[in-house]
Amino acid sequence: MNKTLPSIFNCSNDMALAANVRQYFPPKRIMQMESELSDLSKLWDSTRFAGPWGWSLATKQRYIKMGIDAAYLPSDEWLNEVRMLSSRQYACDYIQKLLMHFDDSRLLGKEMRFATNVESAMTHTTSDRTQEDTQIYKSPWSSSGRGVFTSHGLSKDMVEHKLRGFINTQGGFVVDKFHEGKTLDFAMEFYVNENHSVDFLGYSVFYAAENGAYGYNLVENQNELKRRIDVDETLLNALIEYHKEHLGETCYHGPVGIDMIKTSEGKIHPVIEINMRMNMGILALLLEEKYGSAAENRYSIGETLKSIALTQERERGFQAKIEDRKLMIIYKNGH
């Protein structure tokens, strides 16, 4: 694969993976976001991450339309493998193997599984369920809260209707226990090299809404992020080594983020998502290096990270910025 591919912010790639076609056109609002936030790609263009936000048949076709010879692009076979690795079904298989390996009571996620029929997921679904019984459902491919919902407040019929939609469009869905006691969203960030060695890049800490919709990433140094995570470092290091071994066994090479949560009991769900692509957590790492630690000798770090526009400021539309150490994407409707 050509290392000098121009970087592109194709954040609709998870939806392109679901469609699995070469000519994919995302919803109008997503196309607007990609266009107005295209300058984000400059943040990783001169790094080892240079290339697209994510790979799919549609990404390959986009490069071909840009005039890139197909000989310098991934094969369709590789792209199909990456599509399966990007599915939440793969994450279900991955976490179950991980839990068998560790057998640690501090690790959650044993309820996380992939289903292809509604009946198998509705065993504990009743219209009068309590908060503790809440489940979360996800389509195999989606991002930033799309294709994700919880059973809280929904009737059995409403849940079944949504799940049949996932089955009809994507062949199944993920079901997991919804952890009401979540206190922190965080991730482990990796880079898989072409020789299958894996580098741990660092931790990221972020905020996501109940349905998984992205809020922001903290742009802070690793010591501060580890302080916020506050989980037994021996366990975290063991998980890092496990991920490095098993991510290296796949055909994939490129950036990877493994999303996790911490609960009020101090337990962690080690594999909420596996993002086989560029992600906001890695962007936060790059930004902290650029404006944080690397800038300490020149500026007050507080001033440096107080407010930085990463894309063009608009009265109406999308903008990416750092505000009070938070990497966020905002939308202004012009009112």
The salt bridge (charged side-chain N to carboxylate O under 4.0 Å, His left out) partner of Glu323 among Arg325, Lys326, Lys321 is Lys321
Restricting to side chain to side chain donor-acceptor pair (under 3.5 Å), what partner residues turn up for [X], sequence neighbours left out?
{"X": "Arg22", "result": "Asp76"}
{"X": "Thr150", "result": "Glu210"}
{"X": "Lys244", "result": "none"}
{"X": "Glu224", "result": "Arg227"}

List the residues meeting side-chain contact (heavy atoms from CB on, under 4.5 Å) with [X], not counting sequence neighbours, and say none if there are none.
{"X": "Ser197", "value": "Asn193, Asn195"}
{"X": "Asn168", "value": "none"}
{"X": "Ser38", "value": "none"}

Describe, in one word, how the ring planes of Tyr203 and Phe186 are oriented to each other, choosing from parallel (under 30°), tilted (30 to 60°) and perpendicular (over 60°).
tilted
Parallel under 30°, tilted from 30 to 60°, perpendicular over 60°: which one fits the rings of His246 and Tyr242?
parallel
Is the closest side-chain heavy-atom distance between Gln319 and Ile329 below 4.5 Å?
no
Check salt bridge (charged side-chain N to carboxylate O under 4.0 Å, His left out) between Asp259 and all other residues, then give those that pass, not counting sequence neighbours.
none
All salt bridge (charged side-chain N to carboxylate O under 4.0 Å, His left out) counterparts of Lys42, not counting sequence neighbours
Asp39
So ring-ring contact (aromatic ring centres under 6.0 Å, His included) across residues 11-46, not counting sequence neighbours, yields Trp44-Trp53
Short side-chain donor-acceptor distance under 3.5 Å, His196 and Tyr252
no
Cation over ring face, Arg48 and Tyr191, 6.0 Å, 45°:
yes
Tell me whether the guanidinium CZ or amine NZ of Lys162 lies under 6.0 angstrom from the six-membered ring centre of Phe149 and within 45° of its axis.
yes
Can I get a per-line list of side-chain donor-acceptor pairs under 3.5 Å for residues 61-69, giving both atom names and the distance, sequence neighbours left out?
unit_1: Tyr63; atom_1: OH; unit_2: Pro6; atom_2: O; d: 2.6
unit_1: Lys65; atom_1: NZ; unit_2: Gln23; atom_2: OE1; d: 3.0
unit_1: Asp69; atom_1: OD1; unit_2: Ala71; atom_2: N; d: 2.8

Would Trp141 and Leu85 show up in the same hydrophobic cluster when neighbours are defined by side-chain heavy atoms closer than 4.5 Å?
no
With clusters built from Ile, Leu, Val, Met, Phe, Trp and Tyr whose side-chain heavy atoms come within less than 4.5 Å, directly or transitively, what are the remaining members of the cluster of Ile261, listed by chain and number?
Ile272
